[in-house]
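Report on the structure given below.
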Amino acid sequence: MKYAHIVGWGSYLPTRVLTNDEIARTVDTSDEWIYSRTGIRERRIAGSRETTATLAFEAAARALAVADMHPSQVELIIVATSTPEYIFPSTACRVQDYLGASRAGAFDLSAACSGFVYALSMAAQALATESVRNAVVIGAETMSRVLDWNDRGTCILFGDGAGAVVLKGSSIPGGVLASTLRSDGSGGELLSLPAVYHNPIPVLGPEYLYPNGHKKNTIAMDGRQIFRFATHVLADVVEDALGKAGLTIDDVALIVPHQANSRIIEASAKKLKVSSDLFYMNVDRAGNTSAASIPIALCDAVQEGRLKPDDNVVFVGFGGGLTWAASVVKWDVTPPHVPLLDREWKRARYIAARGRSKLRRIGRRVSSRLLGSPTPDAPLREAPRK
Ligand code: COA
């Protein structure tokens, strides 16, 4: 039995800042309204050459540099995302390729804004049973690509970004101590994003046109109901996970919640009978980055010195599905000291490794041209008779 310790962390936010005032130029809203209802001042928007996978890769490269691990040592990559570029190949496979993580299994996990906590819990189990020795867990989103920018109820809330942690198995007790995962599919329509495969089949008649009624692939949300749901479940799931870890709220140094809305956090803090200062918040500058929000907030909290060795930290997420989840983590394994220059050099090497992936693609194309069909002269076999 091994314990899954966090030994590396990293985040990446696109450079383009979109302020509330800018949004107020296109829809009927204001900075004052948005800030007072959500706590959000600005969010980041991915550039035209950026994708969920490139953001995820940047965060993973930073996290691996902190952990002082080479991508070839990575055994598992999980990307929690609701905005993959493709259903397949998964975003995780693209990150695996960009990193040159040649020995890693890779898959995406879909649990909306709870995705990072779900993924952390799955990876911790894989480490505990020793099926892998380490894992990179990433939350990454390009929410700006799935928003209806004319819907003021949703377009003000979300932003783009990615965060990652590296987990390493160790026989020293600690790390991810306990998790609670929950879901309630009956509330699915309260926050939804249709997949891309609702393809009408005109030749078969009107009943085959958009059979589930979806007309566009953008987020639909009942804001009031989601607000109620979030304030209802957050405190309960934190207490449940703490109970499993044999801890109480008094043992917690910091809660890193999903960054959706500062009012949800304040209401949940009241329910837990703690000060809202126990919760780390960066929603003002990043907005709601869905599955990416917790690892991005974690990196900011570490940067600001909000976590010390031996602190108990709780991650708590909630969102579409409906899903909600919490993990209790002992922040106990100090990563190897990698001087800043060395860390940046390593990150640059990982980024250079992306070139390898391009070369492999070109190589495949060339060999396909040169070699032609793998079975050009193979005789056609008759299908076996039953
Ligand atoms: N700017 C200005 N006015 C807006 C607005 C905006 N961006 N969005 C809605 N309004 C208006 C509404 O049209 C409504 O007007 P009306 O009273 O004339 O009908 C009024 O503001 C109140 O709307 P309501 O939906 O009740 O506002 P609210 O206080 O619930 O705030 C949210 C709306 C979306 C900010 C809030 O419900 C929320 O944060 N919910 C949770 C969403 C969330 O976190 N989702 C992600 C979960 S992972």
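Atoms within a ligand are numbered from 1 in the order they appear, just like the ligands themselves.
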Electrostatic pair E42-R285, nearest N-O below 4.0 angstrom: no

Please name all residues satisfying side chain to side chain donor-acceptor pair (under 3.5 Å) with N312, sequence neighbours left out, ordered by chain then number. K330

Verify, without hydrogens or angle tests, whether T142 (side chain) and R145 (backbone) share a donor-acceptor contact under 3.5 angstrom. no

What residues, two or more places apart in sequence or in another chain, satisfy salt bridge (Lys or Arg N to Asp or Glu O under 4.0 Å) together with K308? D311

On a heavy-atom basis, which atom in P14 and which in E50 lie closest, and how many Å separate them? CB-OE1, 3.5 Å

I'd like a table of donor-acceptor pairs (distance under 3.5 Å, sequence neighbours excluded) in which one partner is a side-chain atom from residues 155-163, with atom names and distances.
| residue | atom | partner | partner atom | Å |
| --- | --- | --- | --- | --- |
| D160 | OD1 | M143 | N | 2.7 |
| D160 | OD1 | S144 | N | 2.9 |
| D160 | OD1 | S144 | OG | 3.4 |
| D160 | OD2 | A46 | N | 2.7 |
| D160 | OD2 | S144 | OG | 2.7 |

Note down each nitrogen or oxygen pair, ligand 1 side and protein side, whose separation is under 3.5 Å; give only atom names and the distance to 0.1 Å.
| residue | atom | partner | partner atom | Å |
| --- | --- | --- | --- | --- |
| ligand 1 | 1 (N) | T29 | OG1 | 2.7 |
| ligand 1 | 3 (N) | W33 | NE1 | 3.4 |
| ligand 1 | 3 (N) | R152 | NH1 | 3.4 |
| ligand 1 | 7 (N) | T29 | OG1 | 3.2 |
| ligand 1 | 7 (N) | R152 | O | 3.0 |
| ligand 1 | 13 (O) | R152 | NH2 | 2.9 |
| ligand 1 | 26 (O) | R224 | NE | 2.5 |
| ligand 1 | 26 (O) | R224 | NH2 | 2.8 |
| ligand 1 | 29 (O) | R37 | NH1 | 2.6 |
| ligand 1 | 37 (O) | G223 | O | 3.3 |
| ligand 1 | 39 (O) | N261 | ND2 | 2.7 |
| ligand 1 | 40 (N) | G223 | O | 2.9 |

